[in-house]
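Down below is the structure, laid out as structure tokens.
A, B, ... follow the sequence lines: proteins, then strands. Residue 1 opens every chain.
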There are 2 protein chains.
Amino acid sequence: MAKHNCTDCKIRSVAENFLSNDEFGSLESNSAEVSFKKGEIIIKQNALSLNVVYLRSGLVKIHMAGPAKEKILRLVKAPSYLGIPTTLGNKINNYSVTALQDTSVCFIDANFFKMLIAGNGQFASEIILELCKNELFDQQRTVNQEQKQLPGRIADTFLCMSERLFDNDEFEVPLSRNELADLIGTTRESLSRVLGQFCKENIISLDGKIMKIIDRPKLQQICDLG
Amino acid sequence: MAKHNCTDCKIRSVAENFLSNDEFGSLESNSAEVSFKKGEIIIKQNALSLNVVYLRSGLVKIHMAGPAKEKILRLVKAPSYLGIPTTLGNKINNYSVTALQDTSVCFIDANFFKMLIAGNGQFASEIILELCKNELFDQQRTVNQEQKQLPGRIADTFLCMSERLFDNDEFEVPLSRNELADLIGTTRESLSRVLGQFCKENIISLDGKIMKIIDRPKLQQICDLG
DNA sequence: AAAAAAATGTGATTCAAATCACAAGTTAAC
DNA sequence: GTTAACTTGTGATTTGAATCACATTTTTTT
């Protein structure tokens with residue numbers, strides 16, 4: 001694998017803080033740093049899952065082919081691990097991961113990652129914590145998606161982007177309208193209509209992909225009332 | 001806590017096989033065995049999450065109050081841990097767990113459980129594996145639920161019950177029609193109509209809650225085509 | 001055993017969102 | 001710089017499933 005230096009890596013995961021010097025040394029020889037351009041596939045659905053991926057910088061989408069069309073499960077920004085569930089839980093990848101911006105990742109050999117976990121409970125604890133939080137988040141999202149109607153789901157999605165990804169009232173939506181629909185669980189046309197409505201009511205403003213939340217309380221209200 | 005004996009427990013979890021004698025001893029003094037009757041609440045949403053629960057025998061539903069109504073997230077049969085995500089990932093319970101049959105569980109002190117994980121990577125590995133598999137299962141279910149229409153979702157649910165819970169073509173649905181609707185993500189009325197249709201087409205037969213799959217290939221086909 | 005409460009099935013109606021259809025705008029290719 | 005390919009917005013129509021309404025059956029309580 002490519003020569004690189006993990007010990008001095010400035011972008012450590014929380015879990016990595018619990019690794020010993022020895023473990024860091026082994027990590028170096030069992031991982032490889034790779035760059036991806038926007039649009040490139042980092043993890044491919046149905047391929048063998050041989051690596052856990054550590055996302056060092058950038059933004060990605062986790063997505064899978066559903067029975068009828070593509071579904072975007074989640075957007076993930078650095079720093080974060082990618083593919084742990086599918087790499088540890090299945091031989092082949094249940095989902096794809098694609099870069100939404102230029103990103104830098106480290107591929108970590110799956111067996112080595114398993115060894116790290118088995119040999120270091122504190123490291124494992126942090127991995128478990130991340131998995132637990134993701135499960136809670138996904139459950140909440142599943143219920144919202146199922147019980148809220150479209151305007152509520154769209155409001156929810158934008159608030160989430162603003163708060164969790166960009167920490168800003170104004171941001172560039174990192175998805176096409178079609179992708180945004182795949183994330184929200186609707187169609188491009190229906191999304192477009194609601195977006196138009198939100199603009200007309202001065203809740204948000206849109207200029208292409210640049211999105212600004214103008215009336216956050218109103219948007220929150222639409223989110224809450226479903 | 002109640003006096004009981006973990007070392008000789010016949011119903012160990014896979015993870016527990018990796019515990020040392022010492023760890024088993026501590027587990028005994030940090031856990032309590034409790035029985036629940038059908039309908040009783042084992043974990044209560046919004047209460048403080050102070051325990052991980054090990055389900056020794058019986059069947060439970062994991063459910064939460066959504067924005068509009070109750071949602072059943074999953075049915076779980078023994079042996080399995082319950083509440084790990086919410087106990088490790090949040091101070092209060094994100095969801096409830098209710099017994100669908102008479103069940104026996106062990107409450108395990110959350111801090112002790114965290115210590116077990118941090119101190120024993122192999123134990124942690126097994127917990128991680130369970131969390132990973134659950135996440136994959138939930139993701140698949142989320143996409144199916146969103147993209148399949150009602151008959152497909154209902155077929156999916158019955159096939160899943162038959163294969164994963166009862167391992168039989170004939171079984172007693174452990175839920176009321178209302179609960180079944182909350183699991184599938186529909187209403188009692190819509191569910192009832194599709195059920196009537198399935199019976200009329202001789203795909204299943206229903207006598208109250210006793211359900212028999214007559215034409216499995218047809219049911220699978222409805223599931224697959226959505 | 002009678003009465004009350006809860007669960008279930010079924011028809012009529014409504015509605016949110018998907019689908020269909022097409023125009024306009026934007027980006028990429030030659 | 002012109003053509004082609006893709007993306008986006010918007011109106012008209014259709015439709016799957018929710019809602020409403022009520023009868024019937026089953027279960028629980030007294």
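- Straight-line distance from the CD atom of A:Gln149 to the P atom of D:dA17: 16 Å, rounded to whole Å.
- With A:Thr86 contributing its side chain and A:Asn94 its backbone, the two residues share a donor-acceptor pair below 3.5 Å.
- A cation-pi geometry, defined here as NZ or CZ lying under 6.0 Å from the six-membered ring centre and within 45° of its normal, holds between A:Arg164 and A:Phe137.
- A:Tyr54 and A:Ser13 form no side-chain donor-acceptor contact under 3.5 Å, judged by distance and modelled atom types alone.
- A close approach under 4.0 Å does not occur between any side-chain nitrogen or oxygen of A:Ser192 and OP1 or OP2 of D:dT8.
- Atom pair A:Asp207:CG and D:dG9:P shows a separation of 11 Å (rounding to whole Å applied).
- Rounded to an integer number of Å, the gap from CG of A:Leu180 to P of D:dG9 is 10 Å.
- Atom NZ of B:Lys61 sits about 8.5 Å away from atom CD1 of B:Ile41, to the nearest 0.5 Å.
- One atom, CD of A:Gln147, and another, C1' of D:dA17, lie 15 Å apart when rounded to the nearest Å.
- Side-chain atoms of B:Gln220 and B:Asp224 form a donor-acceptor pair, as typed in the model, at a separation below 3.5 Å.
- Side-chain contact annotation: B:Arg216 with B:Ser162, donor-acceptor N/O pair under 3.5 Å present.
- Dashed line: the shortest gap from a side-chain N or O of B:Arg193 to OP1 or OP2 of D:dA17 is not under 4.0 Å.
- Taking a heavy-atom distance under 4.0 Å as the criterion, the stretch of DNA chain C touched by chain B extends 5' to 3' from C:dT8 to C:dA12.
- The distance from atom CD of A:Gln197 to atom P of D:dT8 is 20 Å, rounded to the nearest whole Å.
- D:dT8 atom C1' lies 9 Å from atom CG of A:Asn178, rounded to whole Å.
- Residue A:Lys209 has a polar side-chain atom (N or O) positioned under 4.0 Å from OP1 or OP2 of D:dT8.
- Distance CZ (A:Arg177) to C1' (D:dT10): 14 Å, rounded to an integer number of Å.
- Rounded to a whole Å, the CZ atom of A:Arg188 is 14 Å from the P atom of D:dC6.
- Checked by atom type, the side-chain pair A:Thr103/A:Arg56 shows no donor-acceptor distance below 3.5 Å.
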